[in-house]
Amino acid sequence: MDEFDIEINPNVAINNSSTTLPNKTTIEQLKINENQEPILTKKELFAWYLYAFACEVYSVVSISSFIPLILEHFASEKGVTSIDRTPCKTAKEGLRCVVNIFGFWIDTASFSLYTFSLSVILQAITTISIGATADHGAMRKTLLLNFAFVGSISAMLFLLIPSGSYIIAGILTIIGNVSFGAAFVCFNGFLPVIVRNHSDVRKISNEIKNYIIDKNKTHEHDTQIEDDESTLEDRSLLSSKDPILINLKENLLKTKDRISAHISARGFASGYFGGIILLIICLLISFLLRSTIYSLQIGVFLSGIWWFLFSLFVGKWLQPRPGPPLFLNEESKIRWINYVTFSWRRLWISILQVKKLEMTFRFLIVWILVSDSCTTILSVALLFAKTTLNIKTPGLITLTLIAPISALISTLLFPYFIKLSVKKTTILLLFMLLFIPIYGCLGLILPFGGLRSSGELYFMAVWFGFVLGPLQSYCRTMFAELVPRGRETEFFALYAITDKGSSWFGPSLIAIIVDVTGEIRYGFLLLFVLIFLSIPILWFVDEKKGKEDAMNSSIDNEDII
């Protein structure tokens with residue numbers, strides 16, 4: 001079913017009576033309404049999907065798969081044994097290999113974890129610095145493309161890194177990951193905007209506005225019709241006890257939920273599809289080059305080319321959807337400081353609104369735990385396969401290919417088989433995710449099972465992908481409905497902070513566990529705790545109250561502007 005063909009009943013029955021609201025709004029009327037944003041077109045929606053198709057190859061192929069192996073290999077080439085400091089190249093197998101980083105000796109298997117931890121901290125600072133600014137003017141699209149091009153070029157440069165240059169590889173990893181995260185914040189910021197401008201949502205929204213205006217015309221002293229249309233609608237929906245408005249509100253929220261979940265799922269699916277295609281190509285290249293580390297560098301290079309080229313089409317077809325202008329000091333010589341300062345001020349204002357947006361921030365706590373768990377699983381899986389199970393490069397690439405294929409299938413099919421609400425479906429997925437650390441912990445207490453063979457790890461890759469795809473989609477859908485209007489990118493910057501920005505915690509703790517115990521399997525205990533804690537917190541997130549609080553906050557934002 002196409003998202004432009006979602007069925008909506010334009011005549012809403014009120015209290016089981018025959019009272020109906022005439023459908024005054026047509027698509028043609030929507031298109032010529034000068035006081036509204038342009039209605040969403042199929043071409044624009046395709047452009048939004050296309051960016052996911054463009055950038056996710058960097059996440060799937062480079063960040064999650066090849067770069068950790070490249071960093072570990074380059075560090076090992078310059079590493080020495082922890083016992084007698086002889087080069088790891090000439091040492092016996094089984095000895096711990098360490099490398100010196102600014103005076104500190106760390107395990108070569110931990111080098112990539114520390115690199116990614118640093119990159120996500122810098123990514124958090126960057127996303128905060130652009131979040132609120134991107135909601136003004138056409139900055140959201142401009143920043144998306146600029147960061148996309150910087151990130152893609154950093155990936156291309158991996159092809160030129162000399163063997164053993166782990167510091168250079170680490171720097172390019174940091175630049176690429178920061179750029180990817182900042183661009184993805186802007187990309188996510190488009191989701192609530194395009195959903196509310198979808199033709200089906202706009203039909204109901206305009207029916208509400210027409211009804212309110214017609215009703216207000218009967219009141220001589222009413223002044224609400226002078227408000228901005230979106231503010232007029234929000235104020236009336238929050239305060240009215242009119243049964244017609246109440247039913248229209250429920251219809252609007254259900255339609256937005258359905259369309260948002262559908263679009264979000266297809267966005268993730270298109271990203272996984274792009275990653276799968278490039279992973280298959282890289283698997284063939286690895287086979288032809290006999291599984292050399294250079295074949296992995298070629299894979300990262302191709303992900304950069306892919307990201308760059310498809311972003312050019314996104315720049316052409318994706319509408320900027322500009323927000324209100326941002327009035328800053330025009331005489332300032334260093335304009336970027338004004339933008340950064342503004343974003344940090346708005347972050348502070350958002351933090352002060354914790355009580356007003358309690359459910360939104362409660363969900364962000366859930367996302368901290370969930371995203372950190374998923375990132376840690378992705379970071380540890382390949383290192384566990386390489387260092388503990390001794391799986392060779394073709395097997396590692398196959399392992400990275402299994403998860404996105406499983407995620408692609410489950411993301412598209414899960415909504416058709418599970419008919420629960422977004423919140424209940426997310427809780428179900430979290431219980432399913434718990435199976436991974438539980439099974440991994442069995443290896444600490446039983447002489448069999450517990451990920452002791454490559455076959456078990458391949459099965460876990462299928463299971464992880466099956467859960468990860470819909471879990472990411474449903475979480476993004478749920479958060480998009482808790483975001484105040486006009487502050488989409490600002491709040492998705494907070495979403496990114498709790499996603500990538502907080503994801504240094506799990507990998508860093510796993511790295512410390514590896515350095516202290518020399519056994520990566522103990523990390524499954526940490527994963528169990530993180531996932532388990534998220535479930536009761538999510539259970540107490542009241543979606544209805546969160547949406548009303550977000551609507552109220554959007555009114556305050558309109559008043560400020």
task: State, to 0.1 Å, how close Val422 and Tyr474 come at their nearest heavy-atom pair, and which atoms those are.
output: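 Heavy atoms of Val422 and Tyr474 come nearest at CG1-O, 3.6 Å.
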- prompt: What heavy-atom pair brings Thr411 and Pro470 nearest, and what distance separates the two atoms?
  reply: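 Closest approach of Thr411 to Pro470: OG1-N, 3.6 Å.
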Has the side chain of [X] got a donor or acceptor atom that lies under 3.5 Å from a matching backbone atom of [Y]?
| X | Y | value |
| --- | --- | --- |
| Thr360 | Leu482 | yes |
| Ser534 | Ile531 | yes |
| Asn197 | Val193 | yes |

query: Is a salt bridge present between Asp135 and Arg140, judged by a nitrogen-to-oxygen distance below 4.0 Å?
result: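 Yes, this pair counts.
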- request: Flag the pair Lys424 and Glu543 as a salt bridge only when some basic side-chain nitrogen lies within less than 4.0 angstrom of an acidic carboxylate oxygen.
  value: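 No, no charged N to carboxylate O under 4.0 Å.
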Angle between ring planes, [X] versus [Y], binned at 30° and 60°: parallel, tilted or perpendicular?
| X | Y | value |
| --- | --- | --- |
| Phe53 | Trp306 | tilted |
| Phe111 | Tyr166 | perpendicular |
| Phe187 | Phe184 | tilted |

- request: For the residue pair Tyr51 and Trp317, confirm or rule out a side-chain donor-acceptor distance under 3.5 Å.
  value: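 No, no side-chain donor-acceptor contact under 3.5 Å.
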- request: May I ask you to establish whether Arg476 and Tyr495 are in a cation-pi arrangement, using a distance under 6.0 Å from NZ or CZ to the six-membered ring centre and at most 45° from the ring axis?
  value: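 No, Arg476 and Tyr495 do not form such a contact.
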field: Nearest-0.5 Å distance that lies between atom CD1 in Ile535 and atom CG in Leu433
entry: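 Reported to 0.5 Å precision, the distance equals 9.0 Å.
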task: Run the numbers on Phe308 and Phe149 for ring-ring contact (aromatic ring centres under 6.0 Å, His included), then give the verdict.
output: CA-CA 6 Å; Phe308 186 92; Phe149 293 141; 5.0 Å; yes
Phe158: which of Ile298, Leu296, Leu302, Leu172 passes side-chain contact (heavy atoms from CB on, under 4.5 Å):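 By the side-chain contact (heavy atoms from CB on, under 4.5 Å) criterion, Phe158 pairs with just one of Ile298, Leu296, Leu302, Leu172: Leu172.
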message: Exactly one of Leu369, Val370, Ile368 should register a side-chain contact (heavy atoms from CB on, under 4.5 Å) with Ile537. Which one does?
response: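 Filter result, single survivor: Leu369.
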field: Crowding at CZ, Phe532 (>12 non-hydrogen neighbours, <6.0 Å)
entry: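 No, the 6.0 Å shell around CZ holds no more than 12 heavy atoms from other groups.
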message: Side chains of Arg196 and Glu488, heavy atoms from C-beta outward: is any pair under 4.5 Å?
response: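 A side-chain contact under 4.5 Å exists here.
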message: Under 6.0 Å between ring centres: does that hold for Phe190 and Trp48?
response: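 Here the rings of Trp48 and Phe190 have centres that are no less than 6.0 Å from each other.
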Let me check something: any side-chain donor-acceptor pairs from residues 269-279 under 3.5 Å, sequence neighbours excluded? List them with distances.
unit_1	atom_1	unit_2	atom_2	d
Ser270	OG	Tyr49	O	3.2
Ser270	OG	Arg266	O	3.3
Ser270	OG	Gly267	O	2.7
Tyr272	OH	Gln472	OE1	2.6

- request: Begin from the C-alpha positions of Ser343 and Ser129 and carry the test side chain to side chain donor-acceptor pair (under 3.5 Å) through to its verdict.
  value: CA-CA 5 Å; Ser343 292; Ser129 300; over 6 Å; no
- request: Run the numbers on Met432 and Leu429 for side-chain contact (heavy atoms from CB on, under 4.5 Å), then give the verdict.
  value: CA-CA 5 Å; Met432 294 171 65; Leu429 288 165; 4.2 Å; yes
